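Just below is one structure, and these are the notes that go with it.
Keep in mind that what you see is a predicted model, and the values were worked out from it rather than measured. Remember, it's 1-based here, ligands and their atoms both numbered in the order they're listed.
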Amino acid sequence: MCGIIGIAGRADITAPLMEGLARLEYRGYDSAGLAVVGSEDAEPKRRRCVGQVKALAQNLRTQGLSGEVGIAHTRWATHGTPSEENAHPLVSGTIALVHNGIIENFRPLRSELEAAGYRFESNTDSEVIVHLIHHQLVATEDLAEAVRAVVKRLQGQFALAVISSSDPDCIVAVRSGSPLVLGCGDGQNSVASDASALAGLARQAVFLEEGDLATIAADRIAIEDRNAAPVTRSPVPLKSGQEVRLGQYEYHLQREIFAHPDSIRAVLADRLQGDRVSAFDDFAGLLDRVEGISIAACGSSYLAAEVARHWFEELAGLPCQAEIASEYRYRAQVIQPNTLFLTLSQSGETADTLAAFKKAQGQGYLTTLSMCNAPLSSLPRLSDIEFMLNAGPEISVASTKVVSASLVALLLLAMTLARRNGLTSSREAELVGALRALPEQVQQVLQRDADFEQQAVAIASQNHALFIGRRAFYPIALEGALKLKELSYIHAEGHAAGELKHGPLALVDENMPVIALAPADDLISKLESNLQEIKARGGRLYVITDQSLASRLQAELECAVIPLPDTHAVTAPILYLVSVQLLACHVGLHRNTNLDQPRNLAKSVTVE
Ligand code: G6P
């Protein structure tokens, strides 16, 4: 998704701007650009290009550029195709601007500006802002004042960073619905759409609040709130970024899938004490009052929430509703007393999840809890209780290792809440033992890499696939289908196995791979009937199952079987999660897709 970095310094800032852009690449983008001003410049100097930041770097190497103050952007197209004209920064005379978010009323504003004689060079919604600021500067010479006046006319959500060659010492930045963070450094200050882009640039970060406008110069930062009153926002220390190396892998996605055991260890560290879960001890009194759970999340985080719904209901005996955040925000809720509102988000910045959170605030929930992997991101900062997943940076657009960390975190919460509903200490000790065994069992799944690769070859030659599972394995089937779509562009669907006969079975023939998740649980005989129905119609079965069942299922169904280590029934969905991600990864490798940046997708989805 779009990323912003801006630096106000005293020497040439082009190189650090490019490093900042490289740190934003993980968000997913289709074009990049930067604009700088120096004290001698009549207009901002700008370079833009479609594609990778390295193409922009190459452009800069051949046709140098320098300036002391500058802004840069990675763009993920919303309005207008990925093209150089639509890439940011957008320029109007002396003004250059980068924008994250969406301007909903851009059409009438564009007509008004065209009538006033402005010529548009892009199809973006963003270009109206830069022309409006240019126009406003006829009425005032003060850049911050002009930006403040223009912001009042914009509808939608946005983060802006603006420079002007008439005022070449500073950047003016505004947060309204899309996050922005300031970096305080030595003789240089900066602004970015997320704190990770500030690594190496600043020692402290200052998070802007909604409606804040900041003026950032090399030696000073001034912030005004939404009413134009000067405010101070407390700085927080910025940890130096963890460098992520690909090592033996071609893609971050592979490295991250093979990091599942480490991410499970990391989320468990300091959260268990002997045979009991201690992760939520500080909130014991509050959590004792919980009578229900409502979870809002997107993408794979939402699917993790759907798995956890089974744990909250089965282990803790508490009603749980997991909901896609973009649906939650526009739906009327009936909130039962003492309901815990939980958001789950790798990035902590997903726009729909943030909007669902904001809607939930003040609606009578008992408390808000966020589980998140990105330190200093918006959701944990806003929530009453924050639970960091600690899985380390996740670079690939498709979430993998953080999903297993999320599942473990949710299970820790379910176990904590279950105590009140009769979870005995011996049962808790049994589940803690299952959690402690998990990293090693996941490692064993990963050691079967060659089995997954072998089955992936056949699936890679097809254009469609179905994933099926029951109960907590149904959302894992959905995750398998989601990952296969993202990583291989094969059309895939996930279904509850019992629903096949109500429609999806019509799709099954000899060209339809069906990947079945078949744990050795009390529903296995029901699932086997579903598998026989598929076999009878010529479907190509790929059965992922527990070791103890593998040979029997292979003999009876005469199909491809991938065995997973036998594990505890409660933690089994986590092993199956890893297996479907690994399978999808191999299919993607065979189809030669870009596993880290699937087409059209972004990581930190900061627009609605
Ligand atoms: C994007 C990513 C997905 C991720 C989803 C939710 O769509 O591509 O992999 O699951 O956002 O992200 P979050 O950061 O809120 O977990």
Identify, for [atom], the protein heavy atom at the shortest distance, and state residue, atom and that distance.
atom	result
atom 4 (C) of ligand 1	S300 N, 4.2 Å
atom 11 (O) of ligand 1	K603 O, 3.6 Å
atom 6 (C) of ligand 1	C298 O, 3.4 Å
atom 15 (O) of ligand 1	T350 OG1, 2.5 Å

List every atom of ligand 1 that sits less than 4.0 Å from any heavy atom of S399, numbering the atoms from 1 in the order shown and giving each element. 9 (O)
Which atoms of ligand 1 are found less than 4.0 Å from any heavy atom of A398?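 So the atoms of ligand 1 that pass are 9 (O).
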Tell me which one of L180, I4, T74 satisfies side chain to side chain contact (heavy atoms under 4.5 Å, CB included) with N100.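 Per the side chain to side chain contact (heavy atoms under 4.5 Å, CB included) rule, the option paired with N100 is I4, out of L180, I4, T74.
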So, [X] and [Y]: side-chain donor and acceptor under 3.5 Å apart, yes or no?
X	Y	answer
K483	T400	no
S300	E479	yes
S399	E394	yes

S347 to ligand 1: N or O pair under 3.5 Å? yes
Output yes when a side-chain donor or acceptor of Q346 lies under 3.5 Å from a complementary backbone atom of V403, and no otherwise. no
Answer yes or no: are there more than 12 heavy-atom neighbours, outside K358 itself, under 6.0 Å from its atom NZ?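 Enclosed: over 12 neighbouring heavy atoms sit under 6.0 Å from NZ of K358.
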Pi-cation contact, F207 with R381 (under 6.0 Å, within 45°): yes
With a cutoff of 4.0 Å, is V397 in contact with ligand 1, counting heavy atoms of the residue only?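 It does, in that a heavy atom of V397 comes within the 4.0 Å cut-off of ligand 1.
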Any atom of ligand 1 sitting under 4.0 Å from a heavy atom of A602? yes
